[in-house]
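Below is one structure; the comments refer to it alone.
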Amino acid sequence: MRMTHAHKALKRQAVNVSLPAELVQNARRLSVNISAVTETALIQTVQDAELQAWAATNRNKFEALNELIELEGLPLQRLRRF
């Protein structure tokens, strides 16, 4: 995932992260930008968690809609030509 320019302009905050020493050494040896990799992974993890939270919050609405469709069929089903 590529960061947008707007995302890069956000206020930065330093944090301490503990990683296995060998992993850090290998990343440095290979010129891997640990901060960028960590940020990209954290962005994806937060997006996934937000999506899961949204789905959990709205689960009962989806279930109710599915029940309604099972009982009454799809809205405008009579207009389908296929």
Side-chain angles (χ1 to χ4, degrees):
M1 169 193 287
R2 292 195 167 192
M3 294 181 292
T4 64
H5 293 293
H7 183 72
K8 289 181 181 180
L10 294 175
K11 181 179 175 187
R12 311 298 285 180
Q13 179 177 343
V15 297
N16 292 324
V17 177
S18 296
L19 299 168
E22 184 177 351
L23 182 60
V24 172
Q25 291 168 359
N26 287 337
R28 287 182 177 157
R29 177 176 52 81
L30 297 167
S31 300
V32 172
N33 183 330
I34 296 171
S35 292
V37 170
T38 303
E39 183 175 358
T40 299
L42 188 57
I43 288 168
Q44 186 62 54
T45 301
V46 168
Q47 288 174 344
D48 292 346
E50 288 174 336
L51 180 59
Q52 288 178 356
W54 178 85
T57 299
N58 292 289
R59 182 168 287 123
N60 61 344
K61 294 172 186 168
F62 290 122
E63 290 171 356
L65 179 60
N66 288 337
E67 288 177 20
L68 181 65
I69 290 172
E70 281 184 32
L71 290 173
E72 299 183 16
L74 290 171
L76 305 177
Q77 175 72 33
R78 60 187 167 74
L79 300 177
R80 292 179 74 177
R81 303 272 184 225
F82 52 94

- Task: Examine Val15 and Leu19 and state if one hydrophobic cluster contains both, with Ile, Leu, Val, Met, Phe, Trp and Tyr joined whenever side-chain heavy atoms are less than 4.5 Å apart.
- Result: yes
- Query: Can you find a pair of side-chain heavy atoms, one from Glu67 and one from Glu70, that are under 4.5 Å apart?
  - Reply: no
- Roughly how far, to the nearest 0.5 Å, is OG1 of Thr38 from CD1 of Ile43? 11.0 Å
- Under a 4.5 Å side-chain heavy-atom rule over Ile, Leu, Val, Met, Phe, Trp and Tyr, are Val37 and Leu30 clustered together? yes
Identify each donor-acceptor pair in which a side-chain atom of residues 51-60 lies under 3.5 Å from a protein atom, sequence neighbours left out, and give them as a table.
{"unit_1": "Thr57", "atom_1": "OG1", "unit_2": "Ala53", "atom_2": "O", "d": "2.9"}
{"unit_1": "Asn58", "atom_1": "OD1", "unit_2": "Lys61", "atom_2": "NZ", "d": "3.3"}
{"unit_1": "Asn58", "atom_1": "ND2", "unit_2": "Trp54", "atom_2": "O", "d": "2.8"}

- Should Val17 and Ile34 count as side-chain neighbours, where that means a heavy-atom distance under 4.5 Å? no
- Task: Tell me, with the steps shown, if Gln44 and Thr40 meet side chain to side chain contact (heavy atoms under 4.5 Å, CB included).
- Result: CA-CA 6 Å; Gln44 186 62 54; Thr40 299; 5.9 Å; no
